[in-house]
There are 2 protein chains.
Amino acid sequence: MENCVIDIDDMQFILQVLGGKWKLHILTTLYFGKKRFKELEREITGISPKMLIKELKELEAAGIVDRQTFNTVPITVEYSLTEDGLTLKPVLEHMKTWATTFRETQQVKTMTASAL
Amino acid sequence: MENCVIDIDDMQFILQVLGGKWKLHILTTLYFGKKRFKELEREITGISPKMLIKELKELEAAGIVDRQTFNTVPITVEYSLTEDGLTLKPVLEHMKTWATTFRETQQVKTMTASAL
DNA sequence: CTGGATCCTTTAAGATACTG
DNA sequence: CAGTATCTTAAAGGATCCAG
């Protein structure tokens, strides 16, 4: 019945992948290329190492993000998007496009209403 | 900088609209047509009236859902998707399609890995 | 540098009883 | 019927300090 329109499990999955306060920030940052832990921490204003590592682990477990370690001193770790992670991009673009036009439309309606 | 890929505010907005435990259930139910409060409560297994009204109010405030009251005894209230709310459907389909194929791909990889 | 561990606050959600 | 109110629990998130 439910999958007549959308499959709830699949939807909950993508919301889990994108949800939370920081996942989108991490993903958009990684779309510019691979980054080290400290680079991510610097570029994502306000995030704590605890949150950063937690979100990265979830994205890694989901198969969106890849983690590579290098035996330098001190140790270096690089995070990047997987091939599969890159397939998220058009979906994000679609969502963003919808949200942008939707919010503009709502804005116009609010202004029109207050002008009455 | 950030809107080179996606606009965080717009993305947070759509995640807010779709996020939480029940919004998708409500939306998919309403895609079948307008429903009364009690009908929604019956069709969405496990939801409490408190959660239902809370999510409905958020969707209404966002302009996704419309609420109509009728002065019958007892009072009747009908919820439906707005015109703008209907524009969400293709976005949801896109998200679902991605999630489905992504999860199938990951499943294959896991099975392949365990076969090694 | 890359995290782990701990404690604390805030928010989301569930249960249940109640009102116009 | 269509919600409200209250109470409680669970989960998310933040702050800080510490270790390999």
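Each chain gets a letter, A, B and so on, in the order the sequences are listed, and its residues count up from 1. Since the structure is predicted, the reported quantities are computational estimates derived from the model, not experimental observations.
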Colleague: Rounded to whole Å, how long is the line connecting atom CZ of A/Phe37 with atom C1' of C/dG4?
Modeller: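 Taking atom C1' of C/dG4 as the reference, CZ of A/Phe37 is at 11 Å.
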Colleague: Tell me, which of residues 61-71 of chain A have any heavy atom that sits under 4.0 Å from an atom in DNA chain C?
Modeller: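 Those residues are A/Arg67.
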Colleague: Please round to the nearest 0.5 Å and tell me the distance separating atom CD1 of A/Ile14 and atom CZ of B/Arg103.
Modeller: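 Rounded to the nearest 0.5 Å, the CD1-CZ separation comes to 11.0 Å.
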Colleague: Any side-chain N or O of A/Arg36 under 4.0 Å from OP1/OP2 of C/dC1?
Modeller: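 No, no such contact exists.
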Colleague: Would you say the side-chain atoms of B/Thr76 pair up with the backbone N or O of B/Thr72, donor to acceptor, closer than 3.5 Å?
Modeller: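 The answer is no, because no donor-acceptor pair under 3.5 Å joins these two groups.
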Colleague: So, taking the atom named CZ in A/Phe32 and the one named CD in A/Glu43, what distance separates them when rounded to the nearest 0.5 Å?
Modeller: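 So the gap between those two atoms works out to 8.5 Å.
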Colleague: When you measure from the side chain of B/Gln12 to the backbone N and O of B/Asp9, does any donor-acceptor pair fall under 3.5 Å?
Modeller: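 No, B/Gln12 side chain to B/Asp9 backbone: no donor-acceptor pair under 3.5 Å.
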Colleague: Scan for ring pair (Phe, Tyr, Trp, His ring centres under 6.0 Å) pairs involving residues 60-103 of chain B, sequence neighbours excluded, and state none if there are none.
Modeller: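 For residues 60-103 of chain B, and leaving out neighbouring residues, the ring pair (Phe, Tyr, Trp, His ring centres under 6.0 Å) pairs sorted by first residue read A/Phe13-B/Phe102, A/His94-B/His94, B/Trp98-B/Phe102.
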Colleague: Would you mind building the protein contact string for nucleotides 10-18 of chain C? One character per nucleotide, 5' to 3', B for base within reach (heavy atoms under 4.0 Å), S for sugar-phosphate only, - for untouched.
Modeller: ---BBB---
Colleague: With sequence neighbours excluded, what pairs up with A/Asp84 under the salt bridge (Lys or Arg N to Asp or Glu O under 4.0 Å) test?
Modeller: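 Salt bridge (Lys or Arg N to Asp or Glu O under 4.0 Å) check on A/Asp84 returns B/Lys109.
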Colleague: Do B/Leu30 and B/Ile64 come within less than 4.5 Å of each other through their side chains, counting heavy atoms only?
Modeller: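 In short, these two side chains do not touch, never coming nearer than 4.5 Å.
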Colleague: Report, one line per pair, each donor and acceptor closer than 3.5 Å where one atom sits in a side chain of residues 47-61 of chain B; sequence neighbours left out.
Modeller:
from	atom 1	to	atom 2	distance (Å)
B/Ser48	OG	B/Met51	N	3.3
B/Glu58	OE1	B/Lys23	NZ	2.8

Colleague: For A/Lys38 and C/dG3, give me the distance from atom NZ to atom P, rounded to whole Å.
Modeller: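 Interatomic distance, NZ of A/Lys38 to P of C/dG3: 12 Å.
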Colleague: Quiz question: by atom type and distance under 3.5 Å, do the side chains of B/Thr82 and B/Asp66 form a donor-acceptor pair?
Modeller: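 B/Asp66 and B/Thr82 do not have a side-chain donor-acceptor pair below 3.5 Å.
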Colleague: Just the endpoints, please: which first and last nucleotides of DNA chain D, 5' to 3', lie under 4.0 Å from a heavy atom of chain A?
Modeller: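 Contact span on the strand: D/dG13 to D/dA15.
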Colleague: Please test B/Lys38 against B/Glu41 for salt bridge (Lys or Arg N to Asp or Glu O under 4.0 Å), starting from the C-alpha separation and ending with a verdict.
Modeller: CA-CA 5 Å; B/Lys38 199 65 180 181; B/Glu41 194 180 346; 3.7 Å; yes
